[in-house]
Structures are given as structure tokens and as C-alpha cells.
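Inspection log for the structure reproduced underneath, given as C-alpha cells.
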Amino acid sequence: MTQPEADALLAAIRAHAPNFRPLGEGLIAPGLLYRSGELASLDGHAWTAMERIGIRTLIDLRGPMEIEAMPVRPPAAMRLVSVPLHPGQGAGTGAGAIDNTAAAQRIGNAYRHLVQAYGRDIAGILHLLAGEDALPAVLFCTAGKDRTGIVSALLLAAIGADSAAIHADYAITNAMLSGPARQRVWDMSTRLATFDMPAGPIVDAMLAADPAYLEAAFDAIAPLPVFFERSGLDGAAIDRLQNRLLPPA
């Protein structure tokens, strides 16, 4: 497949899922792993594009309410795996959050909760991606920023990416979710109340891919090797994941 053909396929998908992109571009072998916001809006042309780039597995990190409101119906050849991650009580902005600072604090709390409460689920996702038949795969949630961002960051850490590279991958969302795409995600999140979305003017904190949020998650589970081991991701599993995903030397 030529680069213009590949670019056209990505554009067809992004027309309906604007935060769809390769995960860890330059860190992971091309064409193996992608990250995205919700995929319920994909039309037949976009699903055909997903088939043409070879997607086998879709890993849905959304909760039951989101799945019910926006069901994903992929072609029969694709496997849809649900691993719900929920920010937890008190993770939303709540009525008392009247500015960006308070909202950012609550989101940091949500990130801490996600890694502390769902370590084994996240390790299970990485085991799945290290398996024989999972790749190419897509990780997705509603916006493709928070739950997808955390799992993507931990995966990159597991295969040996440094902090700068992990933060750079996370920050791409700030460019992907701009303009109309930004408003669309805000409208969806408000309707679904994924993070107890408020009516106040704190959009910047809610939709930003702020490195402080990732740092809150990583600080909550340090040291990382101990977190992986306790979650059920041992050295052999990490070796398999690296063998599957790292570009050839």
C-alpha cells in the first residue's frame, strides 16, 4: 500500500473518529496499533477503511452507559473486546468545580483512581495485545484521551519508551481534538456525563491532554515494575509484548 493510499484510509476513518491515529508512532512497528475516540459514528466507508488497514481487534474501554448510547457494530471479521474502565465516584468535576484548577484536580484524581483500581484489567489488555491473533488492534473510549491515554501510556512504558516519548504521544490529542472535533467530544461527554460534566466554563481543563494528568497516574503506581508485576504482567509477558510491537532493530 502506498503512503497516499494509507493516508486516504486514515482520512476516511478520521472523518467520523477525529482522534483516530497510530499509537506511539515511531515507537511501535507501523500498522500494528491504533488509538481512538468512539467508533460508533463510523459509516460503511470508514469500516471498509478499517478492514483495509487490517484491523482485527477493537478494545472498548467505555462503560455500559456509553456502550448502550453509542453501540459499535464492526464487521464480523473484527473482534470487539469490552474492558470497561470507570473514573469512579468523585472523579467528575462536580457542582463545586467552578474553575479550571478545580476541574484539573478532579481529573488528576480520576487518573489516579483508574490506574489503582484497574491495574489487572490494564495488564489483561497488554496480555491480549501480546497474543498471537490480536494485532492490528485499536484501543478506544469516548474521547480517546483519558482511558485510552492511560492504557496507551502504560503500554508504551512497558515496551521501554521514555517519559518524553510517552508524553508526546499523549499530547497529540490536543491537536486532534480542536475546532469542530473538540465541540463534538464536549457534546458527547456532556450528554453521557462520563466525568460528571459541568455547565460551567471549564472546557479547557476537561478536554486538555495535560501532562500533569499522566504524571498523577504514574506517581500513583510508582515504581512501575512493581505495578506491572502486581497487576499480573511479568517479565515474560513484557518480552512478548516488546517482540510483537517494537520495530525491527
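None of the values given here were measured: they were computed from a predicted structure. Side chains included, hydrogens not; waters and symmetry mates left out as well; all remaining heavy atoms used.
When all heavy atoms of Leu135 and Arg56 are compared, the pair lying nearest together is O-CD, 3.0 Å. For the residue pair Thr148 and Phe140, the shortest heavy atom distance occurs at OG1-C, 3.3 Å. The shortest non-hydrogen separation linking Leu241 to Ala158 is CD2-CB, 4.1 Å. Summarising the geometry of Met176 relative to Phe20, their closest heavy-atom pair is CE-O, 3.7 Å, with the distance given to 0.1 Å. The minimum heavy-atom distance between Thr57 and Asp133, with the atom names listed, is OG1-O, 4.2 Å. Annotation for Tyr118 and His113: closest pair CE1-NE2, 4.2 Å, computed over non-hydrogen atoms.
Neither side chain, Arg106 nor Asn109, offers a donor N or O lying under 3.5 Å from an acceptor on the other.
Although no hydrogens or angles enter the test, the distance criterion places a donor-acceptor pair under 3.5 Å between the side chain of Arg244 and the main chain of Ala130. Put simply, the side chain of Asn19 gets close to the backbone of Ala143: a donor and an acceptor are under 3.5 Å apart. Arg79 contributes no side-chain N or O that, together with a main-chain N or O of Ile59, makes up a donor-acceptor pair within less than 3.5 Å.
Pairs of residues two or more places apart, or lying in two chains, never qualify as ring-ring contact (aromatic ring centres under 6.0 Å, His included) while including a residue from residues 214-249.
Using a 4.5 Å heavy-atom cutoff, the side chains of Met70 and Arg62 are in contact. Contact of the Arg147 side chain with the Thr142 side chain is registered, since non-hydrogen atoms from C-beta on lie closer than 4.5 Å. Here the side chains of Leu154 and Ile125 are not in contact, with every heavy-atom distance at 4.5 Å or above.
No more than 12 heavy atoms of other residues, nucleotides or ligands sit less than 6.0 Å from atom CD of Glu229.
One hydrophobic cluster, built from ILVMFWY side chains closer than 4.5 Å, cannot hold both Ile67 and Val83; they sit in different ones.
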Let me have the donor-acceptor pairs involving side chains of residues 25-36, under 3.5 Å, with sequence neighbours excluded, atom names and distances please.
unit_1	atom_1	unit_2	atom_2	d
Arg35	NH1	Asp169	OD2	2.8
Arg35	NH2	Gly144	O	3.0

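Listed by chain and residue number, nothing satisfies the salt bridge (charged side-chain N to carboxylate O under 4.0 Å, His left out) test with Arg21 (two or more places apart in sequence, or in another chain).
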From CA spacing to verdict: side-chain contact (heavy atoms from CB on, under 4.5 Å), Leu61, Ile150
CA-CA 11 Å; Leu61 307 177; Ile150 288 171; over 6 Å; no

